[in-house]
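Below: one structure, written as structure tokens.
The figures that follow rest on heavy atoms only: side chains count, while hydrogens, waters and symmetry mates do not. Bear in mind the structure is a predicted one, so any value in this text is a computation, not a measurement. We number each residue from 1, following the sequence as shown.
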Amino acid sequence: MEEACALIGHEVQSLIAKSKAEFKELCRFISDIDSDHDRRSRKRVPVCLHIAAHGNENGLGFGKDTVKWDELFDILRPLCAMRHYDGDFILVMSACGATQQRLTTHFAKKAGKALRPPAYLFTTAEAEPTFPDALVSWIVFYHQLPKVSLIDKDAIKRVLKRVKAAGTTTLKYSRWDSERKRYLQYTPDS
């Protein structure tokens with residue numbers, strides 16, 4: 001995935017967490033970046049954390065550790081409080097069971113001035129996507145995403161429809177609505 005995203009033109013850094021403790025440390029590390037880290041000096045570039053892991057309806061696996069959804073929320077919290085970064089935070093989870101995540105409920109309950117929920121949370125729509133199909137879906141997604149504005153929800157929906165048209169794993173989103181203070185869901189229909 002890293003190589004494909006780099007070829008598309010994204011600034012990519014691949015970090016590997018082999019345990020819950022390592023994942024927690026990596027999230028704290030990422031949360032310390034500031035807006036000056038963009039190589040092309042662009043402003044308001046979103047930070048996209050793509051988590052590729054094993055998972056189920058209870059949470060995600062990092063090595064031998066299972067991180068439950070409520071624990072994952074606590075681990076991701078520093079990314080929602082980045083004070084020195086001017087872009088949005090986008091969360092992508094590619095894992096079995098990610099469609100059944102409960103993070104959006106936690107983020108909605110805790111949203112406020114100190115906690116800025118991810119603008120989007122993207123997951124597969126299937127409970128158990130195959131690796132090859134998910135890989136192709138995410139590559140199409142990352143190819144299409146820079147062509148649209150994140151504030152244009154209809155454009156993001158069209159991106160997800162194009163991913164679905166590729167005939168692989170369907171992707172869905174949970175989009176933070178700051179007026180309603182909750183996440184709104186979208187899955188391309190069949």
Side-chain angles (χ1 to χ4, degrees), residues 1-8 10-33 46-82 88-108 110 115 117-145 156 159-160 163-164 166 168-176 183 185-187:
M1 178 66 70
E2 178 181 2
E3 293 85 5
C5 285
L7 287 171
I8 290 168
H10 297 292
E11 289 186 38
V12 181
Q13 180 64 51
S14 182
L15 305 169
I16 298 172
K18 298 178 200 155
S19 68
K20 178 168 59 172
E22 285 183 10
F23 181 65
K24 190 174 188 175
E25 185 59 34
L26 289 176
C27 287
R28 281 196 297 255
F29 170 73
I30 295 166
S31 73
D32 283 339
I33 67 170
V47 169
C48 179
L49 176 63
H50 183 113
I51 301 171
H54 292 290
N56 58 39
E57 68 277 356
N58 298 317
L60 300 177
F62 296 93
K64 63 179 176 40
D65 298 334
T66 298
V67 178
K68 295 182 180 176
W69 296 117
D70 58 339
E71 293 176 299
L72 188 58
F73 167 77
D74 289 331
I75 292 170
L76 294 170
R77 186 187 296 256
L79 294 164
C80 298
M82 290 189 288
D88 285 323
F89 168 46
I90 299 169
L91 182 58
V92 176
M93 291 190 301
S94 182
C96 290
T99 192
Q100 300 159 336
Q101 59 80 25
R102 294 180 201 84
L103 288 172
T104 50
T105 304
H106 292 296
F107 283 123
K110 304 288 184 177
L115 181 83
Y120 283 91
L121 178 118
F122 294 97
T123 66
T124 58
E126 290 96 28
E128 294 186 20
T130 67
F131 180 80
D133 283 348
L135 176 65
V136 172
S137 292
W138 291 120
I139 290 172
V140 173
F141 171 78
Y142 286 119
H143 175 261
Q144 295 293 304
L145 194 61
I156 299 294
V159 166
L160 296 185
V163 171
K164 183 175 178 66
T168 59
T169 298
T170 301
L171 304 180
K172 70 178 194 176
Y173 78 51
S174 298
R175 177 181 56 83
W176 179 248
Y183 278 95
Q185 314 291 317
Y186 174 75
T187 305

Task: Step-by-step side chain to side chain contact (heavy atoms under 4.5 Å, CB included) determination, Arg77 to Leu115 - done: CA-CA 7 Å; Arg77 186 187 296 256; Leu115 181 83; 3.8 Å; yes
Task: Working for side chain to side chain contact (heavy atoms under 4.5 Å, CB included), residues Phe23 and Leu72 - done: CA-CA 10 Å; Phe23 181 65; Leu72 188 58; 3.4 Å; yes
TODO: For side chain to side chain contact (heavy atoms under 4.5 Å, CB included), just list the numbers for Phe141 and Leu160, CA-CA rounded to whole Å, side-chain angles, deciding distance to a tenth of an Å, and then say yes or no.
DONE: CA-CA 7 Å; Phe141 171 78; Leu160 296 185; 4.1 Å; yes
TODO: Just do the side chain to side chain contact (heavy atoms under 4.5 Å, CB included) check on Ile156 and Arg175 with the steps written out, would you?
DONE: CA-CA 10 Å; Ile156 299 294; Arg175 177 181 56 83; over 6 Å; no
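The closest side-chain heavy-atom distance from Phe89 to Cys80 is below 4.5 Å. Looking at heavy atoms from C-beta onward, Arg102 lies out of side-chain contact with Asp70 at the 4.5 angstrom threshold. No side-chain heavy atom of Phe29 sits under 4.5 Å from any side-chain heavy atom of Pro78. Put simply, the side chain of Leu79 does not reach to within 4.5 Å of the side chain of Val47, judged on heavy atoms. Considering only heavy atoms from C-beta on, Glu22 stays 4.5 Å or farther from Glu25 through its side chain.
The minimum heavy-atom distance linking Gln100 with Ala127 is given by the pair NE2-CB, 4.3 Å. Of all non-hydrogen atoms in Leu171 and Ser137, the two that sit nearest each other are CD1-O, 4.0 Å. For Ala95 against Gly55, the heavy-atom pair with the smallest separation is CB-N, 4.2 Å. Annotation for Ala53 and Gly61: closest pair CB-O, 3.4 Å, computed over non-hydrogen atoms. Trp69 and Gly97 get closest at one heavy-atom pair: CZ2-O, 3.7 Å.
In this structure, CG on Leu145 lies 9.0 Å from OH on Tyr120, to the nearest 0.5 angstrom. Atom CD of residue Glu3 and atom CD1 of residue Ile139 lie 9.5 Å apart, to the nearest 0.5 angstrom. Atoms NZ and OG, from Lys24 and Ser19 in turn, are 11.0 Å apart once rounded to the nearest 0.5 Å. Note that CG of Leu76 and CD1 of Ile30 are 9.5 Å apart. Values are rounded to the nearest 0.5 Å. Between atom CD1 of residue Ile51 and atom CG of residue Leu15 there is a gap of 11.5 Å, rounded to the nearest 0.5 Å. One distance of note links CD of Glu126 with CG of Asp133; it measures 8.0 Å at 0.5 Å rounding.
In this structure, Tyr142 and Trp138 have tilted ring planes: the angle between them lies in the 30° to 60° band. Using the six-membered ring where Trp is involved, Phe73 and Phe107 have ring planes that are perpendicular, over 60° apart on the 30 and 60° scheme.
By the neighbour-count criterion of 12 heavy atoms within 6.0 Å, atom CD of Glu57 is densely surrounded, having more than that number from other residues, nucleotides or ligands.
Here Lys20 pairs with Glu71 under the salt bridge (Lys or Arg N to Asp or Glu O under 4.0 Å) rule; sequence neighbours left out. Applying the side chain to side chain contact (heavy atoms under 4.5 Å, CB included) rule to Ala52 yields the partners His50; only residues at least two apart in sequence or on another chain are considered.
Put simply, the residue from Thr187, Thr169, Thr170 that forms a side-chain contact (heavy atoms from CB on, under 4.5 Å) with Lys164 is Thr170. Put simply, the residue from Thr124, Thr123, Thr99 that forms a side chain to side chain donor-acceptor pair (under 3.5 Å) with Lys172 is Thr99.
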